[in-house]
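First up is the structure itself, then whatever we jot down about it.
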Amino acid sequence: MVNMFGPCENIADIDIPMGSNCFRVVICAFFLWLPFHSAAGEGDAGGVTAQISAVAESADHAECLPPIGELFKKLWESTGISAFVERTGDSWTLGIGRLLMIGIGFLLLYLGIRRKFEPLLLVTIGFGCILSNVPLAGINEPGGVIYFIYQAGIATGYFPLIIFMGVGALTDFGPLIANPKTVLLGAAAQFGIFATLLGALALSRWVPCIDFSMRDAAAIGIIGGADGPTAIFLSAKLSPHLLGAIAVAAYSYMALVPIIQPPIMRALTTPEERRIRMVQLRHVGRAEKILFPLVVLTLCIVLLPSAAPLIGFFMFGNLMRECLVVERLSDTIQNSLINITTIFLGLGVGSKLSAEGFLTIETVGILVLGIIAFCIGTACGVLMAR
Amino acid sequence: MVNMFGPCENIADIDIPMGSNCFRVVICAFFLWLPFHSAAGEGDAGGVTAQISAVAESADHAECLPPIGELFKKLWESTGISAFVERTGDSWTLGIGRLLMIGIGFLLLYLGIRRKFEPLLLVTIGFGCILSNVPLAGINEPGGVIYFIYQAGIATGYFPLIIFMGVGALTDFGPLIANPKTVLLGAAAQFGIFATLLGALALSRWVPCIDFSMRDAAAIGIIGGADGPTAIFLSAKLSPHLLGAIAVAAYSYMALVPIIQPPIMRALTTPEERRIRMVQLRHVGRAEKILFPLVVLTLCIVLLPSAAPLIGFFMFGNLMRECLVVERLSDTIQNSLINITTIFLGLGVGSKLSAEGFLTIETVGILVLGIIAFCIGTACGVLMAR
Amino acid sequence: MVNMFGPCENIADIDIPMGSNCFRVVICAFFLWLPFHSAAGEGDAGGVTAQISAVAESADHAECLPPIGELFKKLWESTGISAFVERTGDSWTLGIGRLLMIGIGFLLLYLGIRRKFEPLLLVTIGFGCILSNVPLAGINEPGGVIYFIYQAGIATGYFPLIIFMGVGALTDFGPLIANPKTVLLGAAAQFGIFATLLGALALSRWVPCIDFSMRDAAAIGIIGGADGPTAIFLSAKLSPHLLGAIAVAAYSYMALVPIIQPPIMRALTTPEERRIRMVQLRHVGRAEKILFPLVVLTLCIVLLPSAAPLIGFFMFGNLMRECLVVERLSDTIQNSLINITTIFLGLGVGSKLSAEGFLTIETVGILVLGIIAFCIGTACGVLMAR
Amino acid sequence: MITEGLKLIVLGMGTVFVFLTLLLLAIKVMARLLAPFTTTEMLELEAEQQAAAARRQQPAADTGDGRTLIAVISAAVATHRARR
Amino acid sequence: MITEGLKLIVLGMGTVFVFLTLLLLAIKVMARLLAPFTTTEMLELEAEQQAAAARRQQPAADTGDGRTLIAVISAAVATHRARR
Amino acid sequence: MITEGLKLIVLGMGTVFVFLTLLLLAIKVMARLLAPFTTTEMLELEAEQQAAAARRQQPAADTGDGRTLIAVISAAVATHRARR
Ligand code: NA
Ligand code: NA
Ligand code: NA
């Protein structure tokens, strides 16, 4: 099973423990590629120095490389160290800024892997962040793969829609149907959302360096709802330049739910109240479960058609789960499809974690607002539930 | 496993049975999004009233919303009820027509889920039909997701090709190779196809409101073959404006096969004849099974190269199934790949079920023709088989 | 499970062993489609004779077909036999050349299926080669499916990146971490690569009909590394016109590794040396395995950022494998995602196996160079390992 | 700007409450309309569970001859098949 | 238009019959050419089945010591592995 | 052209050796820094294996009552669940 896409393991299997030679091949190959790289016109629009470009051109047209000493100079100029140092002169966001963002990428990986904070998203976003900030590689410039993923899947809103379909297929609405009053707990999310919105406007009003538009404030507000895919979907529409900070904030606070919620809940409820909630729910019939997504969709069409893409895909996933006649599709959505989309969604969000977009005072404001709003949301949720 | 893409279940797991709060977040978020929606330039080219556009513009430029009373008026104008009512004045296909099509979408869901008629396609087509006809949401306009699915996957013919690859990987040609005379039963499909074609031309000639071109008639004819993916592939090429009606007719009649066929067969055959057909087939060797798809492909290249994309992908799937050295790929095609493609194929076909395209006298003609042609096809098949 | 995408098996299940009637429907349908085919503007830009175009136009505009005798003449002109014969007059690469390439496609299928040489790639490349060379079908022309797959997934480099992610998720670097000196065996790959490069330049210098540019030579060199996806990725960048020959050579020699390596190894090592290599490796900790991909990525960013896309995706896959918190994603990458991508990668590579691109003296040169370089690479690897 | 934000909040909160209240009503109406089906289904489910419990008790008596094991394996296989 | 349709039908039906007849011939030729392979394969298959049947009969005698169960489990595991 | 190729080779081979040597050093440094974790992990693993071996020896004594089989099945089920 291991040996299907390369000779890597063959060699190991026979006699010499070469491990995997794949990546050594890549390294060799890239040293070959180097002098031609920028002339290949791939990715690094603004990412490669004019000199290398000149080398490449000569290599291309005159089929003749510069003398070996100059070649080694060019080679030095194409290393990451040189790029971090020299670019800092032009603009700190291109030099040291990228280095800081790579550090933040590693921090997200640490949170995801070691702390297990929403690993599915923080690992992919963290890696996307690192790759997006590699100098000279142009991964996050037109033609680069992460730029493409963002433009094709996130700017259009398609990946969040697919994620919503998957979440719908993974959600059992039985408890909600059995105890419909819990629907009104949506107000909890609402208080969080509107408190964050007001907070964003207040920051914009009184903090000198922060200047959020109404759209930005609305996008920031969604963090208060502690729902990642919605936050990504709407900030891609409302203010894409804040998407990175909003997504990181939203997923971080989603991860904090199980940590922050219990103490707030303990402070606001009595043990008797907590016990009461555990009462046995009634049996929910198959017909109810099948009709529920259709009822929600109908209400949405009648009252709020502009939410139909997101709610529609969510309820489509749920209908496929509950109707039991398309289990093939439901299984695939709950596994392959949502997993593939999650990988690319995370990488694409990472593309918005560039130094010039993320290392700003606005991001700090968003992160602070987020944590406050999240606490408010949780507290309101608990109070409403009483 | 359930709690990976949202805080939905976290909250439920801890103490309060909140069920899933995801969709409540969506609702809140969309109320926020509302005033900016159309200015975001997403999807609803012709789908949003000029007034809302004006709000959005003011919200965008002057960062200032209209007075609260006017805002509620705008809100009313952005509801689905208002859209159904007001648009009917402009054109019935935009107002009441959409409502009727949503009803047809629900009918398809009913047929798929309750009656179990080809649920894999009717559930997805039905949901696609509903979403395509949501007013003001622009899901089926340039920039909308279902419009994109149709253009990217169906207008180009790529999704039917992938479906064919999957069907090939799911088909065992052993019985056909053991008893090659059954190949000639293809004439059954043929009689159905040509009868439908003639019927379409006759309708066009004698029924006043129906006017099918030669291309339309050819596309309609394919219904008589009772094969869904072929019908979708060819009508996307020949007459995309009839694709919705043709796909619905084709899948409905595919679903009717097990209902209609037995009585016709009983009428046309004797019990002895039916028993004879159950004779033991000979053993079919692996080499035969591997060479069969290649022989079909070769014949197709020699005689009918324009059918090579569809037959080629069909036989590619079958070769991967039978050659036994790429089981990984064959498994994935038979599961993930065909399932993912089916979901998007269904949604994309739904995009052709718009009121102006579907609620016509032509559709009625196509549905009637389809059922007649299907009966003829079945009867001929049985007679040929004798 | 079998009967979900067509009526094929329904019919068989009931009474008459019709086998699968799907492909008969396709055949019928295509005869219908025929007269309209080219006017549908699909694919065959240069692929259909002017006469048929004229038929189609008349069919389209005047709704009137030519007399039946002329129709049969057109039909003859649209068969593959006629195309192979008549086109050979215009240019041998369009007529007999296509036929030869279809033969090479069948040869690749034979090598993959019967000889089990890298079947995952040779079966898909072989089939892609056959389909690309079907006359009149336009599968490999703008609008055709294989042309699209090449442009969307290979010319951009996205498919090899996904394959690398999958290979990363399938690779266990434990042995390499336990015995890091094996890293230096990368020189084996290197010797193969540079020997091939020199060989290509020598051919270009002394063989009259061969004229490789520096870029071509660099792309050919990568064959010497015996790594398929890297070869595809870099030749798509450096010299796409040689991609077909390079990919075929790379995968053929990958397949030869287990055949060629043991005798060379036996010739160059003593039995004692071979036994020594089997010493017990130390235990490799989880933390080491998680940090390894990050260390490689960091080195790559610091020293060789232009290799970051490929190494980054490789290490992303490996990190997801080792971090154990995103097993869902890692499983999907190792199965569905890499399998789906492999299918389309193979078909896309097939699009570069056209007569005018492949049936050249350069291809012969590449194939010969490849086998020599591969032997050199293996020998150097063994000598280095001593 | 903050006034504008308050407008949005009034607009949003008001309509969200309307929407959620209607949804609550719709779920209740649906539950009432579908009550007969749900009850039938629940009764069937209970009957099945009792039958299963009865079946489970009986073979527990004769452990010696391996039937329990076969039952365990069959159940595992059935569960496994059901899960895919 | 209907005349045109009839033309299409003649064209289509005629050529479809030609195509299917050629396919029928090709399958028959293929079957004849590959007959030796098919026969060998079939004989091997039968021999295997007989061996399997023989193996199955023997351990059926000693049910008491649990070997049957282990065989059942191994077979189930093997089937399961084969199926993936 | 061949001179150009030789330039590329000098450039490439030199830098590849630098890169791989640095990687070799990095892996060794990493192994040394993480040695405590690795050792702890290895000891835990060994303890676990010994416990498992001990557990495996004990029930082997009482084959008669079917516990072995149940253990085999449970282990198979556990392996199977772990693998997904
Ligand atoms: Na400010
Ligand atoms: Na008419
Ligand atoms: Na030359």
Side-chain angles (χ1 to χ4, degrees), chain B residues 173 176-191 193-206 211-218 220-221 225 282-292 294-300 302-304 307 311 327-328 331 335 384, chain E residues 1-57 72-84:
Chain B
F173 280 112
L176 185 81
I177 301 171
N179 192 6
K181 268 176 203 155
T182 55
V183 150
L184 292 179
L185 295 179
Q190 223 187 340
F191 284 116
I193 287 175
F194 289 112
T196 321
L197 184 143
L198 269 191
L201 292 175
L203 279 187
S204 182
R205 177 83 179 74
W206 285 296
D211 187 24
F212 294 132
S213 73
M214 201 70 197
R215 258 156 200 275
D216 297 340
I220 294 166
R282 71 173 178 86
H283 172 78
V284 175
R286 248 196 76 196
E288 285 178 289
K289 286 192 169 181
I290 293 176
L291 283 181
F292 177 78
L294 298 174
V295 165
V296 174
L297 180 68
T298 306
L299 261 181
C300 167
V302 169
L303 289 185
L304 188 55
I311 293 191
E327 278 180 63
R328 277 177 75 92
D331 277 0
N335 292 292
M384 287 278 305
Chain E
M1 282 276 278
I2 289 179
T3 332
E4 309 302 309
L6 288 171
K7 275 187 206 167
L8 261 189
I9 290 174
V10 171
L11 188 81
M13 289 214 166
T15 43
V16 169
F17 269 112
V18 171
F19 189 102
L20 294 179
T21 311
L22 285 173
L23 182 59
L24 173 56
L25 290 176
I27 295 172
K28 284 189 170 172
V29 168
M30 184 179 78
R32 187 154 307 169
L33 292 178
L34 298 174
F37 299 97
T38 309
T39 314
T40 319
E41 205 183 296
M42 197 176 54
L43 292 176
E44 275 169 16
L45 216 77
E46 273 168 15
E48 221 168 75
Q49 280 171 352
Q50 280 174 359
R55 249 181 283 121
R56 221 178 297 129
Q57 270 186 327
V72 165
I73 298 164
S74 321
V77 169
T79 315
H80 179 256
R81 284 200 185 134
R83 253 189 308 163
R84 353 193 91 207

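No experiment lies behind these values; they were computed from the predicted model shown. In the text below, chain A, chain B and the rest are named by the order of the sequence lines, each starting its count at 1.
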**Asked** Looking only at heavy atoms, what is the nearest atom pair of B/L303 and E/F19, with distance?
**Response** CD1-CD1, 3.7 Å

**Message:** Minimum heavy-atom separation for E/L45 and B/H283, please, with both atom names.
**Reply:** CD2-CE1, 3.9 Å

**Partner residues of B/L198 under the side-chain contact (heavy atoms from CB on, under 4.5 Å) criterion, sequence neighbours left out** = E/I2, E/L6, E/I9

**Asked** Given a strict heavy-atom distance threshold of 4.5 Å, which part of E/I27 is in contact with chain B: side chain, backbone, both, or neither?
**Response** side chain

Name the atoms and distances for all side-chain donor-acceptor pairs under 3.5 Å in residues 30-40 of chain E, with sequence neighbours left out.
residue : atom : partner : partner atom : Å
E/T38   : OG1  : B/E288  : OE1          : 3.3
E/T38   : OG1  : E/L34   : O            : 3.0
E/T39   : OG1  : E/A35   : O            : 2.7
E/T40   : OG1  : E/P36   : O            : 2.7

**Request:** Could you check which of B/L291, B/T298, B/V302 has the highest count of heavy-atom pairs closer than 4.5 Å to chain E?
**Result:** B/L291

**Request:** Determine the minimum heavy-atom distance between E/L23 and B/V296, stating which atoms define it.
**Result:** CD1-CG2, 3.8 Å

**Request:** Give the minimum heavy-atom separation between E/K28 and B/P180, together with the two atoms involved.
**Result:** CG-CG, 4.1 Å

